[in-house]
*Asks:* 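Handing you a structure now.
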Amino acid sequence: LAQVYVSHQTSFGRAASRRTSGRNSHRRSALAMELATSADVKAQFVVVSCYTRFDNLAHGPRGKQAARSLYTYRLDPRDGQLVLESVTKEPVMNPAFSRFHPEKNLLYTCTESVAEPGEIVTWSVCPSTGQLSKLSSQSAGGSSTCYLTLDRERENMLVVNYWDATIGVFGLDREGGQLTEARSFYDPNEGRAMRARHDQHVNHSENDAGAQAERQADPHSHAVVLDPFFGRIAFVPDLGMDVIRQFRYDPEAGRMEAMGAVKSGPDGRRALGPRYIEFHPTLPICYVVNELSSEVAVFEFNRRMAEAAVEAEEVSEAPMLRLLQTIRTIPDAYPGDLNTCGRIAVHRSGQFVLVSNRGHNSIAVLRVHMGLPIPGLLSVVGVYHTRGATPRHFQFDTLGQWLIAANQDSDRLVVFRFNLATGRLELTGNEYSVPSPNFVCCMRPREVSAPAATPEAKDIAPLGAPLAQGPFVGGP
């Protein structure tokens, strides 16, 4: 990857041929059996968050407004069925992103509203029932809070506020895991007022030229992800400015230093709208989903430059990401202005990247090619209907065998079996009615009697992760 390659466009029409041989079917069955019969089949819970108010959102949901905000299900790993275990009683408005703390049995959620300050709510998770109990709430320091990341040491939480684009670093209590004070904030707009008003703006579900122009009149940070090798370089997709911002993250000081930005697609292109960024589990490759252009951009991550930036006294703005490829997530004949992308995920095997299409109402499955000269490039396996409208989010179970799609505008959860050999999504028939689902979080709470993780255990990288990576929680 040190060699220079030419970025190129890959069309949906050039999809990779599907392998449906008996050998692959046997391999899939063996993998599925191994997962289902694994000793690690302790309780797995699925928490689904719902929109409880529509009038204060940047976009316009068309489903049913929820009376309760969080639904907790138990997942059966044998057939992907969900059983509703509990529904929260505490009145929490529009939780729209969740992050599970794997050592503390805590769930963090953040609230979405362009009119009110965001809140970060901490919940305790009962390891036997999955029931959530509200512990505390903290202001996020901005509006329409949309993303939470725990750093490698789990000493800080990095928080993104979409509407005013600010990124905050909050401390975490070592014993209890709850949020403490805000340690720092970064404002890409440098204190200037946003042009768009919370009480007068376009519907962010629309994607015509007028909607794109207003959405990109201001910065709009949408996520913050730490690099998986050092945990010290933070990347923030800015949907409004069509860039991926780079930062040097200092966990001890609790602050982020700006280090320039990289365009989220080819030069000369506009209305890309970077939403999320996800790293490959083993390769120095990351994938950016461009919401407005319905594309995935593949970047090479320069590890040497990142390591030098971490250790340097002066901040450099040299780009650490290099564009290798862009690939479309919807069919070529489908109008791009009728779709916006939502979630992107890299399967734990590292063999597939998946993206949800809101408008086309589908999930695109992309195969990761591991061969030289450029490992990490993508081709299309297929695009699969989600059996509902506006799949805002989807999530794999913790073993990567089942995929749960949240169809926001049809009030529907749908469970698919993920074919580990071919990447196909297969219908299970497991569908559930949930009002305005917007986010799915899968978690395996730690048993109360289990000993706390030792420093040695925390230093062990998870399956498929780079050797230098600790098991910090950074992806959605």
Side-chain angles (χ1 to χ4, degrees), residues 1-4 99 147-160 166-172 174 182-188 221-238 243-264 274 276-288 297-324 346 375-376 455-462 464-476:
L1 287 179
Q3 187 176 348
V4 176
R99 176 73 67 200
Y147 207 94
L148 310 174
T149 289
L150 299 179
D151 66 9
R152 182 190 294 267
E153 295 79 13
R154 301 191 180 104
E155 294 180 351
N156 295 298
M157 176 182 286
L158 283 63
V159 176
V160 175
T166 55
I167 306 125
V169 179
F170 289 77
L172 292 175
R174 285 182 175 270
R183 305 184 66 187
S184 67
F185 274 94
Y186 175 82
D187 179 6
S221 306
H222 214 299
V224 57
V225 172
L226 294 168
D227 80 272
F229 300 96
F230 313 104
R232 296 294 181 269
I233 304 298
F235 294 100
V236 175
D238 187 331
V243 298
I244 309 297
R245 299 186 187 276
Q246 302 177 151
F247 297 86
R248 181 167 65 180
Y249 168 61
D250 184 341
E252 294 185 4
R255 62 189 174 94
M256 296 166 55
E257 297 177 274
M259 301 179 67
V262 179
K263 190 172 179 62
S264 69
Y276 290 137
I277 178 172
E278 285 286 301
F279 276 84
H280 190 275
T282 59
L283 299 173
I285 295 290
C286 62
Y287 304 96
V288 174
V298 183
F299 287 90
E300 173 194 1
F301 172 62
N302 191 321
R303 289 184 59 179
R304 291 185 179 180
M305 186 177 294
E307 185 174 16
V310 171
E311 298 175 351
E313 293 185 6
E314 299 295 327
V315 172
S316 169
E317 294 191 355
M320 297 181 210
L321 301 179
R322 184 170 63 91
L323 182 65
L324 300 176
V346 182
E456 291 77 18
K458 287 178 65 176
D459 289 338
I460 299 174
L467 293 179
Q469 177 188 6
F472 71 96
V473 186

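Just the heavy atoms: all of them, side chains too, but no hydrogens, waters or symmetry mates, feed the values below.
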*Asks:* Testing the basics here: between P274 and I244, what is the closest heavy-atom pair and its distance to 0.1 Å?
*Replies:*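 Smallest interatomic distance, heavy atoms only, reads CB-CD1, 3.8 Å.
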*Asks:* Just to verify, what does E307 make a salt bridge (charged side-chain N to carboxylate O under 4.0 Å, His left out) with, not counting sequence neighbours?
*Replies:*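 E307: no salt bridge (charged side-chain N to carboxylate O under 4.0 Å, His left out) contacts found.
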*Asks:* Nearest 0.5 Å, please: how far is CG in D227 from CZ in R152?
*Replies:*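 Interatomic distance, R152 CZ to D227 CG, rounded to 0.5 Å: 7.0 Å.
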*Asks:* Does any non-hydrogen side-chain atom of T166 lie less than 4.5 Å from one of V160?
*Replies:*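 Result no, sub-4.5 Å side-chain heavy-atom pair not found.
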*Asks:* Could you go step by step and tell me if N302 and E300 meet the side-chain contact (heavy atoms from CB on, under 4.5 Å) rule?
*Replies:* CA-CA 6 Å; N302 191 321; E300 173 194 1; 5.7 Å; no
*Asks:* CZ/R154 to CG/L172 distance, rounded to the nearest 0.5 angstrom?
*Replies:*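 Here the interatomic distance stands at 10.5 Å.
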*Asks:* Under the rule for side chain to side chain contact (heavy atoms under 4.5 Å, CB included), what residues qualify as partners of A306, not counting sequence neighbours?
*Replies:*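 Residues passing side chain to side chain contact (heavy atoms under 4.5 Å, CB included) with A306: F230, I233, F301, M320.
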*Asks:* Set out, in order, the CA-CA distance, both residues' side-chain angles and the distance that settles side-chain contact (heavy atoms from CB on, under 4.5 Å) for V236 and I167, then state yes or no.
*Replies:* CA-CA 9 Å; V236 175; I167 306 125; 4.1 Å; yes
*Asks:* How close do A297 and L323 get, counting heavy atoms only, and between which atoms?
*Replies:*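 Taking every non-hydrogen atom into account, CB-CD1, 3.8 Å.
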*Asks:* What residues, two or more places apart in sequence or in another chain, satisfy side-chain hydrogen bond (donor to acceptor under 3.5 Å, both in side chains) together with Y287?
*Replies:*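 side-chain hydrogen bond (donor to acceptor under 3.5 Å, both in side chains) check on Y287 returns nothing, list empty.
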*Asks:* I'd like to know if the side chain of D250 and the backbone of G254 have a donor-acceptor N/O pair within less than 3.5 Å.
*Replies:*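 Pair absent, no side-chain N/O of D250 close to backbone of G254.
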*Asks:* What distance do H280 atom NE2 and I285 atom CD1 have between them, rounded to the nearest 0.5 Å?
*Replies:*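 Going from the NE2 atom of H280 to the CD1 atom of I285 covers 8.5 Å.
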*Asks:* What residues, two or more places apart in sequence or in another chain, satisfy side-chain hydrogen bond (donor to acceptor under 3.5 Å, both in side chains) together with D238?
*Replies:*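 With sequence neighbours excluded, D238 shows a side-chain hydrogen bond (donor to acceptor under 3.5 Å, both in side chains) to R245, given in chain and number order.
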*Asks:* Taking T149 for the side chain and V225 for the main chain, is one N or O donor matched with an acceptor at less than 3.5 Å?
*Replies:*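 A pair under 3.5 Å: no.
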*Asks:* Return the set of residues passing salt bridge (charged side-chain N to carboxylate O under 4.0 Å, His left out) with R255 (not counting sequence neighbours), or none when no residue passes.
*Replies:*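 Here the qualifying residues are E257.
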*Asks:* Could you pull out all residues at least two apart from A318 that satisfy side chain to side chain contact (heavy atoms under 4.5 Å, CB included)?
*Replies:*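 In terms of side chain to side chain contact (heavy atoms under 4.5 Å, CB included), with neighbours along the sequence ignored, A318 is linked to M305, S316.
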*Asks:* Please report the C-alpha distance between V243 and S264 in whole Å, then the side-chain angles of each, then the deciding distance to 0.1 Å, and finally whether the side-chain contact (heavy atoms from CB on, under 4.5 Å) criterion is met.
*Replies:* CA-CA 5 Å; V243 298; S264 69; over 6 Å; no
*Asks:* If you compare all heavy atoms of I277 against all heavy atoms of C286, which two are closest, and at what distance to 0.1 Å?
*Replies:*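 Between these two residues, the closest heavy atoms are CD1-SG, 3.8 Å.
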*Asks:* Shortest non-hydrogen contact from V262 to P319?
*Replies:*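 So the minimum-distance heavy-atom pair works out to CG2-CB, 3.7 Å.
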*Asks:* Working to the nearest 0.5 Å, report the span between CZ of R183 and CE of M256.
*Replies:*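 CE of M256 is found 13.5 Å from CZ of R183.
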*Asks:* State which residues pass side chain to side chain contact (heavy atoms under 4.5 Å, CB included) with P251; sequence neighbours excluded, sorted by chain then number.
*Replies:*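 P251 satisfies side chain to side chain contact (heavy atoms under 4.5 Å, CB included) with D151, E153, N156, R232, Y249 only.
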*Asks:* A side-chain contact here means heavy atoms from C-beta on lying under 4.5 Å apart; do F299 and V288 qualify?
*Replies:*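 In short, these two side chains touch, coming nearer than 4.5 Å.
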*Asks:* Quick one: CE on M259 to CD on E317, what's the gap to the nearest 0.5 Å?
*Replies:*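 Nearest 0.5 Å value for the CE-CD distance: 8.5 Å.
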*Asks:* For residues F229 and P284, report the shortest heavy-atom separation together with the two atoms involved.
*Replies:*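 Minimum heavy-atom contact is CZ-CA, 4.0 Å.
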*Asks:* Mind checking what makes salt bridge (charged side-chain N to carboxylate O under 4.0 Å, His left out) contact with R304, not counting sequence neighbours?
*Replies:*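 With sequence neighbours excluded, R304 shows a salt bridge (charged side-chain N to carboxylate O under 4.0 Å, His left out) to no residue whatsoever.
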*Asks:* If I take atom OG from residue S221 and atom OH from residue Y147, how far apart are they, to the nearest 0.5 angstrom?
*Replies:*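 The OG atom of S221 sits 13.0 Å away from the OH atom of Y147.
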*Asks:* Could you go through the side-chain contact (heavy atoms from CB on, under 4.5 Å) check for R99 and L150 one step at a time?
*Replies:* CA-CA 8 Å; R99 176 73 67 200; L150 299 179; 4.0 Å; yes
*Asks:* Could you work out, with salt bridge (charged side-chain N to carboxylate O under 4.0 Å, His left out) as the rule, every residue matching D187, not counting sequence neighbours?
*Replies:*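 Checked D187 against salt bridge (charged side-chain N to carboxylate O under 4.0 Å, His left out); zero matches.
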